[in-house]
Amino acid sequence: MKDSLKHQGMRNKLVQTLESKGIKDKRVLAAIANIPRHLFMDSSFEDHAYQDKAFPIAADQTISQPYTVAFQTELLEVAPGDKILEIGTGSGYQSAVLLEIGALVYTIERQHELFKKTSRFLPKLGYKPKRMIFGDGYKGLEEEAPFHGIIVTAGAPFVPKPLLSQLKIGGKLVIPVGDEVQVMTRFVRKSATEFEKTEYGDFRFVPMLEDKN
Ligand code: SAH
């Protein structure tokens, strides 16, 4: 597994592209500048790794477009030490962004093949989530709640109730909601019962699927 100056140069260009598209959070941009995204994808896509595009990974899934990763992470407003739950580990790239920022990461994946592959791969790069779980993200992770932030990286047909109830007061859920096209949606928990909801435009994700186990 190799990183190089050539890759670093391409990453710097990608960061400029993301800034030109409106990403401002310095922590997010610094994370993307540091992470060797080409190592998260099949080597046949290596030349495209720093384009602002989604690409296929194993098990018919995708590594999200860098802009989408940056946009969602910016909406989460992550600070070092925050406890963050991610639904949809996939390639592990989004987890790596959260870990670069200094978050304590809990991440759930429902496809066993991806879970196995990414559980081995991330620590090899030095990225160590608190826990990587093979399971169903619709349930969240009650035993580790509450979280400062929950990020869903698959298209959710509806907002799962457990994800809202596992937020701290002031905590944020960032979730793309919809079937064919998803509306990026953020919920901020204001009290035990109140949530402030804001919508941020259309995105396309692979679907968040019900548990098949
Ligand atoms: N965050 C990933 C994006 C992967 S795509 C990355 O950075 O690469 C979305 C992932 O969500 C897929 O791996 C898919 O298998 C997973 N997924 C779909 N439904 C899920 C569910 N109910 N619980 C957990 N993971 C789910």
Side-chain angles (χ1 to χ4, degrees), residues 11 14 18 28 31-32 34-42 45-46 48-76 78 84-101 103 105-122 125 127 129 131-142 144 147 149-164 166 173-182 184 203-213:
R11 281 204 286 284
L14 173 61
L18 297 177
V28 173
I32 289 173
N34 274 336
I35 302 170
R37 186 173 187 258
H38 60 287
L39 301 179
F40 289 73
M41 322 181 2
D42 191 281
F45 297 116
E46 183 175 324
H48 305 287
Y50 297 105
Q51 294 173 2
D52 190 19
K53 287 186 183 155
F55 279 99
I57 52 173
D60 282 337
Q61 301 303 319
T62 56
I63 176 170
S64 301
Q65 183 181 348
Y67 175 74
T68 305
V69 173
F71 190 78
Q72 283 195 279
T73 314
E74 186 165 86
L75 285 181
L76 263 189
V78 187
I84 306 289
L85 175 65
E86 176 192 24
I87 312 300
T89 313
S91 70
Y93 183 75
Q94 172 72 66
S95 304
V97 170
L98 295 166
L99 289 162
E100 278 277 346
I101 295 174
V105 177
Y106 299 77
T107 182
I108 307 179
E109 173 57 54
R110 71 180 277 288
Q111 296 257 14
H112 198 256
E113 181 189 348
L114 279 174
F115 163 76
K116 251 185 13 203
K117 193 170 168 205
T118 304
S119 311
R120 289 198 195 117
F121 167 74
L122 269 185
L125 280 189
Y127 293 117
R131 287 179 64 189
M132 303 182 80
I133 296 128
F134 171 54
D136 177 18
Y138 276 92
K139 301 191 188 80
L141 193 60
E142 185 60 40
E144 301 285 358
F147 296 95
I150 302 181
I151 178 169
V152 178
T153 68
F158 58 89
V159 180
K161 288 241 165 59
L163 301 186
L164 289 170
Q166 291 173 22
L173 168 64
V174 175
I175 179 168
V177 187
D179 294 320
E180 297 286 294
V181 176
Q182 295 86 31
M184 191 61 73
F203 288 79
R204 266 175 210 275
F205 286 78
V206 295
M208 183 174 180
L209 298 172
E210 300 280 358
D211 193 10
K212 62 174 183 184
N213 301 298

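Indexing begins at 1, ligand by ligand and atom by atom, following the structure's order. Here the structure is a predicted model, which means the values were calculated and not measured.
Ligand 1 has an N or O atom lying under 3.5 Å from an N or O atom of Glu86, backbone or side chain. Annotation: Gln111 places no N or O atom under 3.5 Å from an N or O atom of ligand 1; distance criterion only. The shortest N or O to N or O distance between Gly88 and ligand 1 is under 3.5 Å. Geometrically, ligand 1 and Glu210 share no nitrogen or oxygen pair separated by less than 3.5 Å.
Considering CG of Leu85 and CG of Leu163, their distance stands at 7.0 Å, rounded to 0.5 Å.
Judged by the shortest distance from any of its heavy atoms, Thr89 lies inside the 4.0 Å radius around the atoms of ligand 1. Residue contacts with ligand 1 include Pro207, since one of its heavy atoms falls under 4.0 Å from the ligand.
Residue pairs meeting the salt bridge (charged side-chain N to carboxylate O under 4.0 Å, His left out) criterion with at least one partner in residues 62-72, sequence neighbours excluded, are absent.
Compare Thr62, Leu209, Asp136, Thr153 by their heavy atoms: the one nearest to atom 9 (C) of ligand 1 is in Thr153.
Of the residues listed (Ile133, Thr107, Thr153, Val105), the one engaging Thr89 in a side chain to side chain contact (heavy atoms under 4.5 Å, CB included) is Thr107, and it is the only one. When Ile87, Asp136, Leu209 are each tested for a side chain to side chain contact (heavy atoms under 4.5 Å, CB included) with Arg110, only one passes: Leu209.
Ile57 meets the side chain to side chain contact (heavy atoms under 4.5 Å, CB included) test with Gln61, Ile63, Ser91, Leu114; sequence neighbours excluded.
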